[in-house]
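Below: one structure, written as structure tokens.
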Amino acid sequence: MRRFLPFAIIGAVLLIAVGSGLLLFRSKQSSAPVKVAAGKPGAEPSHIRGDASARVTLEEFGDYQCEPCGVLAETLHKLEHSYGSRIQIVFRQFPLEMHAHAMTAACAAEAAGLQGRFWEMHDMLFQNALSWSHPGPRPFRRSIPVPQPDASANYARVRTVFAEYATNVGLDVERFKKEMDSEEVKARIRLDQERGDSLGVDRTPVLFIDAVKIPFSSYNVEALSKLIDDALQGKPLVPETPTPTPATPR
Amino acid sequence: MTNTQTVRGSYPKLHLLVAFLAVAGLADSIYLTITHLTGENIACLASSGCSEVLSSRYATVGSIPLAAFGVVGYFVAFSLAILAAFGYSHAMILLRFWVAGMLATTLWLLYVQAFLLHAFCTYCLLSATLTVFISAIVTVVYFVERRHQITAAAPPAVQS
């Protein structure tokens with residue numbers, strides 16, 4: 001009996017590992033869209049791309065230093081071309097603390113917005129995210145670590161880069177630099193973050209279509225197109241749960 | 001169980017401790033693998049610093065998440081530790097080599113996080129800590145075992 005005991009223990013642990021893995025996989029695989037409450041209002045006026053009276057609204061909570069947000073930005077561009085005035089895209093600021101320059105980038109976008117050039121700066125920040133978000137080269141094989149500039153030097157460097165972008169998109173650069181630090185800009189970001197928190201946003205990017213939270217696995221042109229088509233046709237995006245039939249009194 | 005499979009000192013308590021730590025590592029690796037498979041690692045999580053590490057190119061070998069290799073690594077380490085605890089000498093020897101490989105991989109991944117990605121993942125650091133403890137225990141067992149062998153091989157002292 002003792003001879004088989006170690007193999008029984010190993011088999012039991014294998015079964016438990018496989019079982020718990022499957023359970024965890026099923027619980028995390030949230031493939032269904034979720035209807036959310038209205039939440040807090042967010043910064044007004046919001047940044048809208050497309051027709052503000054469009055029937056379907058895509059609302060994104062994003063962070064300029066988050067690479068998946070850059071990928072989603074490209075996807076949304078394609079959808080905008082496909083659907084034109086039938087959809088509107090709203091961008092909400094949700095800079096994460098883990099990204100050193102995300103807040104500065106959000107301030108840059110909002111400061112550009114005060115001069116009516118939000119989307120130009122928005123696109124520029126995403127298109128060049130790799131060049132401004134990392135402090136230096138990250139070599140694959142190198143025994144000596146690359147010396148990294150300190151935080152304040154990095155901050156100054158990023159601000160200089162954003163000022164160049166401001167020039168490129170035709171902003172008044174001195175006004176832009178001043179407004180990046182303004183209370184108005186900070187308040188807009190704070191309001192967007194509060195809206196995100198009230199909607200349960202805990203990561204970036206997060207996308208809502210007509211107040212329905214879309215799972216991350218659907219952030220591609222095909223899946224989003226299908227959801228937008230459904231929304232345009234007035235079909236519910238959230239699978240309807242069967243209402244329980246009241247018990248018949250005997 | 002034959003005599004060739006067993007040794008006098010199999011240090012069951014220490015090997016059971018290794019098995020326990022390996023189960024903790026197994027749970028950690030399963031969690032990371034599932035996170036990868038469900039696509040959660042690709043998003044930037046507000047509550048964790050892991051996404052930079054787990055979405056990096058070092059987090060996969062081909063299309064297989066590195067954490068899946070961790071699942072295999074910890075499960076094999078667990079199995080060998082259990083067998084060693086029950087006196088299987090070959091398992092004890094294999095465990096030493098296996099754990100040495102795991103430690104080497106762990107050190108490489110720590111280097112990647114510290115010097116290439118400049119970001120640390122809590123779950124990866126937990127795994128590294130477990131591997132270091134497992135390695136330490138296996139090393140202690142090795143040296144204690146060696147000392148016993150030397151003592152057993154020495155001729156008895158002759159009394160005058």
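Chain naming here is simple, since letters A, B, ... match the order of the sequence lines and numbering starts at 1 in each. What you see is a predicted model, and the numbers here were worked out from it, not measured in a lab.
Here the straight-line distance linking atom CG of A:Leu14 with atom OG of B:Ser79 works out to 8.0 Å at 0.5 Å rounding. Taking CG of B:Leu83 as the start and CD1 of A:Ile9 as the end, the distance is 9.5 Å to the nearest 0.5 Å. Atom CZ of residue B:Phe86 and atom CZ of residue A:Phe7 lie 10.0 Å apart, to the nearest 0.5 angstrom. Put simply, CD1 on B:Ile34 and OG on A:Ser20 are 8.5 Å apart, with the number rounded to the nearest 0.5 Å.
Remark: A:Lys226 pairs with A:Asp230 by the salt bridge (Lys or Arg N to Asp or Glu O under 4.0 Å) rule, at least two apart or across chains.
Between B:Ile82 and A:Leu5 the shortest side-chain heavy-atom distance does not fall below 4.5 Å.
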> Yes or no on side-chain contact (heavy atoms from CB on, under 4.5 Å) for A:Leu24 and B:Thr35, after CA distance, side-chain angles and deciding distance?
Replying inline: CA-CA 9 Å; A:Leu24 188 65; B:Thr35 302; over 6 Å; no
>> Run A:Phe25 and B:Thr33 through side-chain contact (heavy atoms from CB on, under 4.5 Å) and show every step you take.
In response: CA-CA 9 Å; A:Phe25 183 77; B:Thr33 307; over 6 Å; no
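Neither the backbone nor the side chain of A:Tyr219 comes within contact range of chain B; no heavy atom of the residue lies under 4.5 Å from a heavy atom of that chain. Interface remark: A:Ile16 contributes no atoms to any contact with chain B (heavy atom separation under 4.5 Å).
Of all heavy-atom pairs spanning A:Val13 and B:Phe78, the tightest one is CG2-CZ, 3.2 Å. Residues B:Ile30 and A:Gly21 share a closest heavy-atom pair of CG2-CA, 3.8 Å.
Residue B:Phe69 places its CZ atom among more than 12 non-hydrogen atoms of other residues, nucleotides or ligands, all under 6.0 Å distant.
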